[in-house]
Visitor: 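Let me begin by handing over the structure; questions about it come next.
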Amino acid sequence: QFHMIKHEDLIWKESLGQGSFTHVYRGFKTHRRDGETHTTEVLLKVLDAEHKNSWESFFEAASLMSQISHKHLLLVYGVSVHKSKNIMVQEFVKHGALDLYLKRSSVSLSWKLDVAKQLACTLNFLEEKNIVHGNICAKNLLLVREGDPNSDNLPFIKLSDPGISVAMLGREVVLDRIPWVAPEVLDMLELGQQSDKWSFGTTLWELFNGGEVPLQRLDPKQKQQFYERRSQLPCLDWTELADLISQCMEYQPELRPSSRSIIRHLNSLITSDYEILHAAGTLPE
Ligand SMILES: N#Cc1ccc(Nc2nc(N)cc(-n3cnc(CCO)c3)n2)cc1
């Protein structure tokens, strides 16, 4: 169910960082069509050699993304296997991962709210297809278009592939995914429809906290205790949004809101008055 790309058709450029058990590089893929050679800029995601036994999960994640197409889902061109290297070839997204972008840039409240709505629509699309992503986080949101503060053209994001499934990762790595991984997944290592809602809540927190890494200073043990004590992330000063985050990060999966009600909640948030008050430094009590 995959387009196989020949290794010699790949051109490797600089390393762009890493995910769980993977390294990512900028690159190009060449393909010939009616006698002409075309090159397309791509993102090359390489599975680390020492984790090559996770290659099924690695490609399963990619095939999930290529079986369905949606404007907010990253395009996967195919895979390339060469000697012991497993490579996923995906569209290169101009502005990279959202977590880094948020750390570097200041964006308006309406910018953030628009990104949140795009992610909520994507969550709804996946829910209607009964597909569980399993790794929703700001690092896996890619910024196709920046949108600029002055004019009103808005940002555009795409959700990346989920990567190696949480069931294949070691306990240490799963603990380190607290607070994105839903509490029930930690126990039974089984992803359910509702677990994406929890991760959505954490991603909203990242989005409205300037890309700050939640619970960054906690070690795996303390992160485990965070869940054992049913703790919540520090709440934002925008109460209506903080309410949505805590609804999504409800410890009982069945109490989390449907993606449709998440969309309704986001559409009901008015940024204008809040933005003015926030700028003025006087927050509504
Ligand atoms: N400076 C800069 C810059 C960096 C990257 C991109 N583009 C891009 N496109 C993708 N499809 C995936 C990623 N990507 C980045 N980090 C991961 C691993 C964590 O998910 C995936 N980056 C564009 C500009």
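Each residue takes its place number in the sequence, starting with 1. Counting starts at 1 for both ligands and their atoms, following the listed order.
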Visitor: Closer than 4.0 angstrom, basic N to acidic O: yes or no for Glu228 and Lys221?
Guide: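 No, Glu228 and Lys221 are not salt-bridged.
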Visitor: Polar pairs, ligand 1 vs protein, N/O only, below 3.5 Å.
Guide:
from, atom 1, to, atom 2, distance (Å)
ligand 1, 7 (N), Val93, O, 2.7
ligand 1, 9 (N), Val93, N, 3.1
ligand 1, 11 (N), Gln90, OE1, 3.0
ligand 1, 11 (N), Glu91, O, 2.8
ligand 1, 20 (O), Lys139, O, 3.3
ligand 1, 20 (O), Asn140, OD1, 3.3

Visitor: If you look only at pairs with a residue in residues 132-146, which of them pass as a side-chain hydrogen bond (donor to acceptor under 3.5 Å, both in side chains), with sequence neighbours excluded?
Guide: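 Qualifying pairs, neighbours excluded: Tyr101-Glu146.
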Visitor: For Gln118, give me all partners under side chain to side chain donor-acceptor pair (under 3.5 Å), at least two apart in sequence or on another chain.
Guide: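 Gln118 satisfies side chain to side chain donor-acceptor pair (under 3.5 Å) with Asp114 once adjacent residues are dropped.
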Visitor: Under 4.5 Å between side-chain heavy atoms, counting indirect links through other Ile/Leu/Val/Met/Phe/Trp/Tyr residues: same cluster for Val185 and Leu218 or not?
Guide: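 Yes, same cluster.
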Visitor: Does the Lys NZ or Arg CZ of Lys85 fall within the cation-pi geometry relative to Trp12 - under 6.0 Å from the ring centre and within 45° of the axis?
Guide: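 Because its charged atom sits under 6.0 Å from the ring centre and within 45° of the axis, Lys85 does stack over Trp12.
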Visitor: Output all residues satisfying side chain to side chain donor-acceptor pair (under 3.5 Å) with Thr40, sequence neighbours left out; order by chain, then residue number.
Guide: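 With sequence neighbours excluded, Thr40 shows a side chain to side chain donor-acceptor pair (under 3.5 Å) to no residue whatsoever.
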